[in-house]
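To start, the structure itself, in C-alpha cells.
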Amino acid sequence: MKAFIYIWVVCLTLASSIQTASGAEQPGLIEQVNAELAAKFARLALDCIHREYPNKISHVLNTAADAQTPSALYPVFYGCFDWHSSVHGHWLLLRLLRTVPPDQWPDGMRDEIVAALYRSFSAQSIAAEVDYFEADNRASFERPYGISWFLQLTAELREWQDPMAKAWLEMLLPLEAVIVAQINSWLPNLAYAIRLGTHNQSMFAFGLMLDWARIAGDEQMAALVKDRSMTFHINDKNCPIAYEPSGEDFLSPCLMEADLMRRILSQEEFTQWLSSFLPGLPVDGTGDWLAIGIVMDPTDGKLVHLDGVNLSRAWNLENIALALPADDPRRPALLAAAANHREAGLANVSGEHYEGSHWLASFATYLVTRRGQSD
C-alpha cells in the first residue's frame, strides 16, 4: 500500500510539470487532465451557465420593482440554479480552456466554450451586476462563498496570458473592485470563524481570498485574511473530525481549516500546528480512517452535498499531505484517504440529476487540476 501511494504521488508530481501542446498554459502545479474527463466537466457547465430555470435566488427586495427574473437581476451569473454556481461554472470553463491543449478538445467544443464566455462577459451585463451589488441591503450578497469563487475566477484570468483573458478581466474589474471593497469592510468586523460545512464557512472562503490576493498583489487583502485566520485558528486543538460530515456538508470544517493554515504557516510551523489540531492522524498508511460521505438520494439538492464533500476532502487531504515534510509519517495515510475520496467523488459527477450536475463538476475540476496547490 505504501509503495502504491508513493508511486501515485510521484506520478502526480511528474504530471504537473509536463508541458503540453501550444495554446494551453501549464504553470505551477497543474495536473494533466484526461481529455474525456475535461470534456465531460465542460459539457456540464455549458449546459447550465445560460440555463435560467430552475433557479434559487437569494435576493433582498428594496421595492416592488426589484421583483424580477434572475437574468434581469444579474445578467452574467444567472444560470446554474444560483449565482455562486454560475460563477464557478464560468471559472470551470476558464480553467479548462486555459489548461487543456486545443488539439485535445472534441471537435468544436473549444470554440463553443469561447463563444459561451463571450456571451456572458459583456460590458453592459457586468455593469448591471455592479449595480446589483451596490444597491442598498446587498452588502452580504453571496458572502463569503460566492464572492470568494468570483475572486478565483478573476485570479484565473490574471494568470492566463491570453488576449481573450486580458479582455475579459478588464471587463470584470469593476465588479471585482466592488467585491474587494465589501470584503475589506467585512473582515475587520468578523469576530468569529464560521465553522459550517456549507456556503457560509469562512475557512474555504479565506483560502480562495488569500490565493486571489497573492495573485493580484493585494497586500491589504492578504494581510486581513492572514490576521483573521491566525486570530481564529492558531490556537485551535483537537478538531472533532469524527463528527464529520453532517447531513448536508460539502466542505469539511476541520480539513478546510488545515488547508487554510498550510497556506499561512511555514512548513515547520504547520507540522507542529497540525499535530495539535488533528492529533489522531494515523501513521500506518491506511486510508479508511476517514469514512467517505454517502448520498442516499442524488435528486435531493441538499443530500447530494455529500458528493461535494468527498471531492473537497480529496483536495484538502492531498494539500495537507504535500505541505508536510517528505518523511512525515502521516503523509501516506492522508494521501490514501485522499485517493479514496477522489475516486468516490469523481464517480458521481454526472449530468443525470440537475441537483448535482449544476455544481459538482466545478469541485471536480478544482481537484483534478490541483488548483489549490498553485499558490
Side-chain angles (χ1 to χ4, degrees), residues 33-34 36-58 70 77-96 109 113 116 142 145-146 148-150 152-153 196-201 204-205 208 244-253 255-256 290-317 338-369 371-372:
V33 184
N34 175 279
E36 183 178 351
L37 202 61
K40 173 184 176 182
F41 294 164
R43 175 51 58 199
L44 292 175
L46 285 168
D47 288 348
C48 81
I49 61 168
H50 298 127
R51 176 177 172 178
E52 189 166 7
Y53 300 106
N55 204 301
K56 179 183 178 182
I57 61 173
S58 177
F77 302 117
Y78 63 85
C80 295
F81 191 68
D82 45 39
W83 193 89
H84 52 260
S85 298
S86 180
V87 169
H88 57 62
H90 283 80
W91 168 83
L92 178 161
L93 295 174
L94 287 167
R95 180 68 171 171
L96 294 179
M109 191 170 202
I113 293 171
E142 288 287 351
Y145 181 79
S148 63
W149 267 114
F150 177 83
Q152 186 71 190
L153 186 155
L196 302 177
T198 51
H199 305 84
N200 287 341
Q201 187 195 110
F204 172 65
L208 295 191
E244 296 183 19
S246 66
E248 297 179 354
D249 280 0
F250 59 89
L251 304 170
S252 162
L255 295 179
M256 220 37 103
L290 187 61
I292 292 168
I294 298 173
V295 175
M296 303 295 288
D297 181 4
T299 69
D300 187 302
K302 293 293 183 69
L303 297 181
V304 78
H305 279 180
L306 276 299
D307 283 331
V309 87
N310 291 329
L311 293 166
S312 63
R313 275 180 170 184
W315 80 61
N316 291 155
L317 291 160
N340 290 346
H341 282 75
R342 178 189 179 105
E343 180 180 6
L346 292 179
N348 289 327
V349 179
S350 76
E352 185 175 0
H353 304 294
Y354 197 56
E355 290 80 1
S357 68
H358 76 271
W359 68 280
L360 283 172
S362 297
F363 273 46
T365 299
Y366 191 91
L367 169 64
V368 301
T369 63
R371 176 65 219 187

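Quick caveat, the model's predicted, so the values are computed rather than measured.
For the side-chain contact (heavy atoms from CB on, under 4.5 Å) test, residues two or more places apart in sequence or in another chain that qualify with His50 are Tyr78, Ala116, Arg119, Ser120. Taking Asp47 as the reference, Arg43 meet the salt bridge (charged side-chain N to carboxylate O under 4.0 Å, His left out) condition, with sequence neighbours excluded. Ser252 is linked by a side-chain contact (heavy atoms from CB on, under 4.5 Å) to Glu244, Cys254, Leu255, Arg313, Asn316, counting only residues two or more places apart in sequence or in another chain. Residues satisfying the side-chain contact (heavy atoms from CB on, under 4.5 Å) criterion with Ala314, sequence neighbours excluded, are His341, Arg342, Leu367. Scanning for side-chain hydrogen bond (donor to acceptor under 3.5 Å, both in side chains) contacts around Ser85 gives Asp82, with sequence neighbours left out. Here Asn55 pairs with Glu52, Tyr53, Ile57, Pro70 under the side-chain contact (heavy atoms from CB on, under 4.5 Å) rule; sequence neighbours left out. Applying the side-chain hydrogen bond (donor to acceptor under 3.5 Å, both in side chains) test to Trp315 and every residue at least two apart in sequence or in another chain returns nothing. Applying the ring-ring contact (aromatic ring centres under 6.0 Å, His included) rule to Phe81 yields the partners His358; only residues at least two apart in sequence or on another chain are considered. For Thr365, the side-chain hydrogen bond (donor to acceptor under 3.5 Å, both in side chains) test picks out no residue, with sequence neighbours left out. Residues forming a side-chain hydrogen bond (donor to acceptor under 3.5 Å, both in side chains) with Asn340 (at least two apart in sequence, or on another chain): none.
Applying the salt bridge (Lys or Arg N to Asp or Glu O under 4.0 Å) rule to pairs touching residues 295-306 yields nothing, sequence neighbours excluded.
Using modelled atom types and a 3.5 Å distance limit, the side chains of Arg371 and Gln152 yield a donor-acceptor pair. No side-chain N or O of His305 forms a donor-acceptor pair with one of Glu248 less than 3.5 Å apart.
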ring-ring contact (aromatic ring centres under 6.0 Å, His included) assessment of Trp149 paired with His90: CA-CA 10 Å; Trp149 267 114; His90 283 80; over 10 Å; no
I'd like to know whether Leu251 forms a side chain to side chain contact (heavy atoms under 4.5 Å, CB included) with Val309, so could you lay out the CA-CA distance, the side-chain angles of the two residues, the decisive distance to 0.1 Å, and finally the verdict. CA-CA 5 Å; Leu251 304 170; Val309 87; 5.8 Å; no
When you look at Phe363 and Ser312, which way does the side chain to side chain contact (heavy atoms under 4.5 Å, CB included) test go after all the steps? CA-CA 7 Å; Phe363 273 46; Ser312 63; 4.1 Å; yes
Which is it for Phe250 and His199 under the ring-ring contact (aromatic ring centres under 6.0 Å, His included) test, yes or no, and what are the steps along the way? CA-CA 8 Å; Phe250 59 89; His199 305 84; 4.8 Å; yes
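Heavy-atom minimum distance, Pro245 versus Leu306: CG-CD1, 3.5 Å. In terms of heavy-atom proximity, Ala42 sits nearest to Met109 at CB-CE, 3.8 Å. Here the closest heavy-atom approach between residue Ser362 and residue Gly89 is recorded as OG-N, 3.7 Å. Closest heavy-atom contact between Gly301 and Val304: O-CG1, 3.5 Å. Nearest heavy atoms, Phe77 versus Val87: CG-CG2, 3.6 Å.
Note that SG of Cys80 and CH2 of Trp359 are 13.0 Å apart. Values are rounded to the nearest 0.5 Å. With rounding to the nearest 0.5 angstrom, the CG atom of Leu44 is 9.0 Å from the CG atom of Leu360. Between the CD1 atom of Ile294 and the CG atom of Leu303 there is a distance of 12.0 Å, given to the nearest 0.5 Å. Atom CG of residue Leu208 and atom CZ of residue Phe150 lie 13.0 Å apart, to the nearest 0.5 angstrom.
Leu93 has its side chain within reach of Leu46: a pair of non-hydrogen atoms, C-beta onward, lies under 4.5 Å apart. Looking at heavy atoms from C-beta onward, Leu290 lies in side-chain contact with Leu317 at the 4.5 angstrom threshold.
Between Tyr366 and Trp91, the ring-plane angle classifies as tilted under the 30° and 60° cut-offs. The aromatic rings of His88 and Tyr145 sit perpendicular, their planes meeting at an angle over 60°, well past the 30° parallel limit.
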Show me the donor-acceptor pairs, under 3.5 Å and distance only, between side chains in residues 343-354 and residues at least two apart or in other chains.
{"unit_1": "Asn348", "atom_1": "ND2", "unit_2": "Asp307", "atom_2": "OD1", "d": "2.9"}
{"unit_1": "Ser350", "atom_1": "OG", "unit_2": "Glu352", "atom_2": "N", "d": "3.3"}

